[in-house]
Protein chains: 2
Amino acid sequence: MRILLLEDQTKLLSFAKKGLEEQGIQVDAVSDGDEAWEMATSTPYDALVLDIMVPGRDGLSILRGLREKRNAVPVILLTARTTLPEKIEGLNLGADDYMTKPFFVEELAARLRTVARRKAGEANHLIRVEDLAMDLLARKVTRAGVEIELSTREFELLEHLMRSPGRVFGRMQIYEHVWGYNMDPETNLVEVYIQRLRAKIDKDYDKKLFRTVRGVGYAIGGA
Amino acid sequence: MRILLLEDQTKLLSFAKKGLEEQGIQVDAVSDGDEAWEMATSTPYDALVLDIMVPGRDGLSILRGLREKRNAVPVILLTARTTLPEKIEGLNLGADDYMTKPFFVEELAARLRTVARRKAGEANHLIRVEDLAMDLLARKVTRAGVEIELSTREFELLEHLMRSPGRVFGRMQIYEHVWGYNMDPETNLVEVYIQRLRAKIDKDYDKKLFRTVRGVGYAIGGA
DNA sequence: ATCTTCGAGGAGAAGGATGCGCATGGGGCA
DNA sequence: TGCCCCATGCGCATCCTTCTCCTCGAAGAT
């Protein structure tokens, strides 16, 4: 799970980030609203935690903007204890939960898992590996936000690999899953398609996501 | 979230109740219109789902009665596939959305969350995708402000696509939603209608809204 | 230890076959 | 008379095969 955390008190920010990461939640931490907006609109997070009062774009404004763009990412708002009306407004705007500062990091982590799971039924069609994202419903793939055109076979092969990042698959295994029948030992289809995916996905980037394990098979990411 | 569900086919009623509750929606299920009226006027529900054709007070009558009492609770109507005029009448009476039976429970749940999130009274019968706008009430479609004439089938196919911008639908899926029964695998109806919509909507514009995903289906818009 | 050799496995490129989706015209039905 | 549906031919993206060249790594020689 990867989230964006917006909070302008840098001390609290780093404290919360650390605590959440101990619980296995990846956190991108920012203290400026405009920066948060940039990241929220360019990265498919599993959830956002937004402080309402921050420099730049405030949390409510970001939330409103996202919902107008039909972005249903789960959002938890952070409010000062006094600002009740804003809580209400936040929930009306489509926030999933709110927390009053100060808070226990453990509780924030628990709520994050809850809202992420609740939305999972609607939104678990996203698979991410590093900066590579696959949207199963829209059948689109992007790397670093740039869309990549894939044919049907290419897409399905990539999907299979991305569902288990880091895991090495043998050729037979891949063939059975993606093509659906037993492999003619003479063919090199898998190699050909791996090569095509490499050309489209790894070519323009320094960081290579595909990994060849000689004599065994292929894996994506996870290192 | 707690809702009232009125549907006279008891089998469908219990099935839908179960499905919605799995998604965390509390459901009071009734099969009689008079009973539904009693409960709707005495309990503050987050939304109502009303079948139009039921024994006792019918769904449209309940809706009308509530609006006359200035009750702005969100309402989704259930209609048979054939009854087009009643959809429009329902929207005119202040319904927030309609669904054609049979429907997928997940979709009903999604729409419930949508209408419940909206502020009461600002029901929105406009669906927009980029510069393409569909008015469900007036049953009119415009692109860049220019009105486009569509036949009934064309309209309903477009409506289905526009309700989930960017999402790719398979031919069978489309056929089941728009035509309502199982597809003869030999027909190419969907292709023909997509082609017609393209001719009317995409032809004169540089930016193409329709997207073909070979071997899978079609989508509209979506970034 | 380091270097050299060699075989198998993998990368890469290119061309033919396939079948999906586009396009269009015509017949049937309210 | 529109609208809906069916049927047919064609073009092109996709798929798969084939062939060649390159790379890796083991094993023996120095």
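Nothing here was measured: the structure is a model prediction, and the numbers come from that model. Here is how names work: the chains are called A, B, and so on, in the same order as the sequence lines, proteins then strands, and each is numbered from 1.
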Does the distance from a Lys or Arg side-chain N to an Asp or Glu carboxylate O, for [X] and [Y], drop under 4.0 Å?
X	Y	value
B/E191	B/R171	yes
B/R167	A/D135	no
B/R67	B/D96	yes
B/E68	B/R64	no

When you get a sec, tell me which of [options] is the closest nucleotide to the side chain of [X]?
X	options	value
A/T212	C/dG10, C/dC22, D/dC5	C/dG10
A/Y218	C/dG21, C/dA11, D/dC16	C/dA11
A/R214	D/dG25, C/dT24, D/dC5	D/dG25
A/N188	D/dT17, D/dG11, D/dC15	D/dT17
A/V192	D/dC15, D/dT17, C/dG21	D/dT17

Rounded to the nearest Å, what distance is computed from the [atom1] atom of residue [X] to the [atom2] atom of nucleotide [N]?
X	N	atom1	atom2	answer
A/L150	D/dA13	CG	P	16 Å
B/E191	D/dA7	CD	P	14 Å
B/L189	C/dG21	CG	P	15 Å
B/E149	D/dC4	CD	P	13 Å
A/F155	D/dA13	CZ	C1'	18 Å
B/K200	D/dG2	NZ	C1'	11 Å
B/I194	D/dC4	CD1	P	14 Å
A/Y193	D/dT17	OH	C1'	11 Å

When you check the phosphate oxygens OP1 and OP2 of [N], does a side-chain N or O of [X] lie under 4.0 Å from one of them?
X	N	value
A/W179	D/dC15	no
A/Y175	D/dC16	no
A/T187	D/dT17	yes
A/Q195	C/dG12	yes
B/R196	C/dA23	no

Tell me if the side-chain of B/R153 makes a donor-acceptor pair with the base of D/dC4, cut-off 3.5 Å, by modelled atom types.
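By the distance-only test, no, there is no pair.
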
By nearest nucleotide on DNA chain C, pick out whichever of A/R198 and B/K203 is the more 5' one.
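Its nearest nucleotide lies further toward 5', so the answer is A/R198.
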
Touch class at under 4.0 angstrom, heavy-atom based, for A/F210 against every strand present
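Here A/F210 touches no strand at all.
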
Side-chain donor-acceptor pair under 3.5 Å between A/Y205 and A/D131, yes or no?
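Their side chains do not contain a donor-acceptor pair, so the 3.5 Å distance test is not met.
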
So, B/T114 versus B/R163: side-chain donor-acceptor pair below 3.5 Å or not?
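B/T114 vs B/R163: no donor-acceptor pair found between side chains.
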
DNA chain D: A/S151 or B/E154, which has the more 5' nearest nucleotide?
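Its nearest nucleotide lies further toward 5', so the answer is B/E154.
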
